[in-house]
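Proteins come first, then strands; the chains are lettered A, B, ... in the order of their sequence lines, and each starts at number 1.
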Number of protein chains: 2
Amino acid sequence: MLTENLKIKDIAKALQVAPSTVCRALQGRHNISEATRKKIEDYAAKHHYRPNLFAQSLQKKKTRYIGVMLSSIPNMFFSQVIDGIEAVTNENNYFSIITQTNESYEQEVKKIENLEWRSIDGLLVSLSSETEDLTHFKRLQEAGIPIVFFDRITDAIKTHTVSVDNKGGAYNCTKQLIEEKGCSRIAHITSPQLLSITKERLDGYLTALNESNLFISDAYTKYCAHGGKKSEEIAIAFNELMTLPKPPDAIFTGSDRITMECLNLAQIWKEKTGKSITIAGFSNFEMPEILNNNIITVKQPAFEMGKLATELLFELIDKKDKSPQKYFDKIVLPTTLNSNHLNR
Amino acid sequence: MLTENLKIKDIAKALQVAPSTVCRALQGRHNISEATRKKIEDYAAKHHYRPNLFAQSLQKKKTRYIGVMLSSIPNMFFSQVIDGIEAVTNENNYFSIITQTNESYEQEVKKIENLEWRSIDGLLVSLSSETEDLTHFKRLQEAGIPIVFFDRITDAIKTHTVSVDNKGGAYNCTKQLIEEKGCSRIAHITSPQLLSITKERLDGYLTALNESNLFISDAYTKYCAHGGKKSEEIAIAFNELMTLPKPPDAIFTGSDRITMECLNLAQIWKEKTGKSITIAGFSNFEMPEILNNNIITVKQPAFEMGKLATELLFELIDKKDKSPQKYFDKIVLPTTLNSNHLNR
DNA sequence: TTGAAAGCGCTACCAC
DNA sequence: GTGGTAGCGCTTTCAA
């Protein structure tokens, strides 16, 4: 574009052939003689020919851009996912356009519209915590844009999904609290109720409690409407729990932000009242060992998740024109449990 | 694109005017009667007309995309910067394409080429730690693509830059180690020597030591060639320091990763030898309070930095065709010092 | 196997 | 003020 780029016409003129011939050669078609193909390819390579993407897109309605939609970039988990996505897009000469929903349904809808306008070739989505209505995604899919859901997924749309074993991770973490830390009154502060991940983690948590015949109470589960984006809501949940007639001796936390914030709150609580409370939960912070409280964390394979989701998306993009996809993968990756106890 | 979009021709036909008239109206030009302009605008709004960006780009060589180049997305500081960039691009109906250099000069050059091919309208850059030769950026700039440097900046290219007061931040942090923590043998583990930020931080560190007449030794400053991306290099630096004849009693750390890793190493060191070492340094981790060791951190206004850099870039993009920019801003933002001591 | 030409949707120039 | 039209660079018929 910038540096007076070579155009197909230029090559045609230089080589005394028709533009259409050059085009065919460059597309690696077979209805062309070996000799002219080679001649054209060599010339193009030598002069660093790069097709004009706008002209190509205008014609083919393909952009080599994929959209990525997630709640928040400065979040350890998501930024690691993006890293994985970048690795694959880059390899395939695609670029990704990353947008944040900030956990807002309204923003999600608006940004889908923008991405549609930009004519992305496919979309990777982790749902906002407010999203119930999925028509904006359905519209996109019907318009021929393949979608792959990751992390916060949905059954309501037929496509590939990549998630982690949230139930298992929650179960293991809770179990560890019970067996290693000797906790018996375990509360749960988690993300908004609508999210798939919230339900699965709650399930694992309750299963572990049940198995050990431990105290279960609805008052022990707190949902944060903003998914922990606002620290006040976590503080409120924490204080409500601690001022219950029977306060918990541990809190199992359902997300990165909630885990960090609760660690902080627990420390302040201890300084104020002298009573300590154990925190354990989901977090993709790289080095849980340097956090105090001897914390147990459930870590998700975020990079892997981004990588896999993108690979599946490319599969859908490639197959699109050929045969309609019949079967969809529901990939579930394992989580890992980290604790000082286990690591040292 | 997808949903059988309205085209200018369609509007023209429906309203019985020429395509060129529609075009003028939609561009808000003045050589058109108020009546027809209104008529066309109303029709377009009612039918949700959105121009085809490829056609537009093909014509105007403008894409409404900007490129963003930084070393690593899953890094607290950079992901917060991206958040700030997103806020501004989004507001201006632009999109950003984010690419990682992974601290590699080679990748930086290659990705600049790709971005150039995509015809971005402007570029935001934080240099890779290997970069010495800047011709790839100069070429881009000469081709008419405005660039703004942030964080890891350079003097060798005339343009706007946004950075933080690295020297001041380093000075304050070191001073705090001396005065509040009573440390007297302070070492420094930092990023690669080439980076602007490394030099400035070293300067602040040395100034503080000098002022207090404290021990200074070249052996006390360790550079991590990979900017801390590899944890081994940090471990090596740490161990070399601790096994010196006169080991330090504190380490001032020059980046997010290095700070976290050193905290971890210090903890292990303490468990192994019983000797404790104080860590303090640059980190954009949100809640330093929950880290142990009573850590002092220097925090950078990352979001603000992304926001400002993007605003400056848009200024350059807008002005480009009009008058050549003569004076460039060198914005330096302040850092903040966080410590348990100060906050409570 | 190759070439000529139309057209993707938009903009800008030149006539009226 | 408004309309006709060429052309951005590429792809894709269709004809030779």
Side-chain angles (χ1 to χ4, degrees), chain A residues 1-41 43-44 47-64 93 116-119 121 144 321, chain B residues 1-41 43-44 47-65 93 116-119 121 143-144 321:
Chain A
M1 199 80 323
L2 333 154
T3 49
E4 283 319 315
N5 257 341
L6 204 60
K7 292 167 261 166
I8 279 200
K9 254 189 197 163
D10 300 329
I11 304 182
K13 205 171 286 174
L15 262 42
Q16 305 272 41
V17 291
S20 47
T21 308
V22 177
C23 188
R24 266 186 302 248
L26 261 25
Q27 282 174 128
R29 299 269 173 107
H30 293 295
N31 48 354
I32 188 169
S33 79
E34 189 58 25
T36 41
R37 219 207 62 227
K38 178 115 183 60
K39 187 173 67 176
I40 292 168
E41 275 179 352
Y43 188 91
H47 294 268
H48 303 107
Y49 169 75
R50 285 212 161 186
N52 179 312
L53 288 178
F54 311 132
Q56 240 171 12
S57 301
L58 185 58
Q59 188 82 17
K60 309 215 281 189
K61 272 108 189 74
K62 288 263 179 200
T63 56
R64 300 194 83 80
N93 241 315
E116 189 180 342
W117 179 37
R118 294 275 178 168
S119 297
D121 292 350
D321 308 312
Chain B
M1 203 80 320
L2 333 152
T3 49
E4 285 320 317
N5 259 342
L6 202 62
K7 293 167 260 167
I8 279 201
K9 256 190 195 165
D10 300 329
I11 303 183
K13 205 172 286 174
L15 262 39
Q16 306 272 42
V17 291
S20 46
T21 308
V22 177
C23 188
R24 266 186 303 245
L26 262 24
Q27 282 175 130
R29 300 269 172 108
H30 293 295
N31 49 353
I32 187 167
S33 79
E34 188 59 26
T36 42
R37 218 206 62 225
K38 179 114 184 57
K39 188 173 67 176
I40 292 169
E41 274 181 353
Y43 188 91
H47 294 267
H48 302 107
Y49 170 76
R50 286 213 162 187
N52 180 311
L53 288 177
F54 311 132
Q56 241 172 13
S57 302
L58 184 57
Q59 186 81 16
K60 309 215 283 189
K61 274 108 187 72
K62 288 263 175 199
T63 55
R64 300 194 82 80
Y65 279 113
N93 241 314
E116 187 179 343
W117 180 37
R118 293 275 178 168
S119 297
D121 293 347
D321 308 312

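Side-chain proximity of A:Ala18 to the nucleotides D:dG4, C:dT1, C:dG3 is greatest for C:dG3.
Protein atom NZ of A:Lys61 is 13 Å distant from nucleotide atom C1' of D:dT12, rounded to whole Å. Distance, A:Ile11 CD1 to D:dG9 C1': 12 Å, rounded to whole Å. In this structure, B:Gln16 atom CD and D:dG3 atom P are separated by 10 Å, rounded to whole Å. Rounding to whole angstrom units, CD1 of residue A:Ile40 and P of D:dT11 are separated by 13 Å. Taking atom CG on A:Asn31 and atom P on D:dT13, their separation rounds to 12 Å, with Å as the unit.
At D:dG1, none of the side-chain N or O atoms of B:Thr36 fall inside 4.0 Å of OP1 or OP2 (strictly under the cut-off). Between A:Ser57 and the phosphate of C:dC8, there is no side-chain N or O to OP1/OP2 separation shorter than 4.0 Å.
A:Lys38 and A:Glu34 are not joined by a salt bridge, as no carboxylate oxygen comes within less than 4.0 angstrom of a charged side-chain nitrogen.
Residue contacts for A:Leu58: at a heavy-atom cut-off of 4.0 Å it reaches a base atom on one of the strands shown.
Atom CG of A:Leu15 sits about 5.0 Å away from atom NZ of A:Lys39, to the nearest 0.5 Å. Atom CD1 of A:Ile32 sits about 9.0 Å away from atom CG of A:Leu26, to the nearest 0.5 Å. A distance of 12.0 Å separates CD of B:Gln59 from CG of B:Asn52, quoted to the nearest 0.5 Å. Rounding to the nearest 0.5 Å gives a distance of 9.5 Å between CZ of B:Phe54 and CZ of A:Arg118.
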Determine, stepwise, if the pair B:Arg24 / B:Asn31 fulfils side chain to side chain contact (heavy atoms under 4.5 Å, CB included). CA-CA 8 Å; B:Arg24 266 186 303 245; B:Asn31 49 353; 3.6 Å; yes
Determine, for nucleotides 10-16 of chain C in 5'-to-3' order, which nucleotides have protein heavy atoms under 4.0 Å from the base (write B), from only the sugar-phosphate (write S), or from neither (write -). BBB----
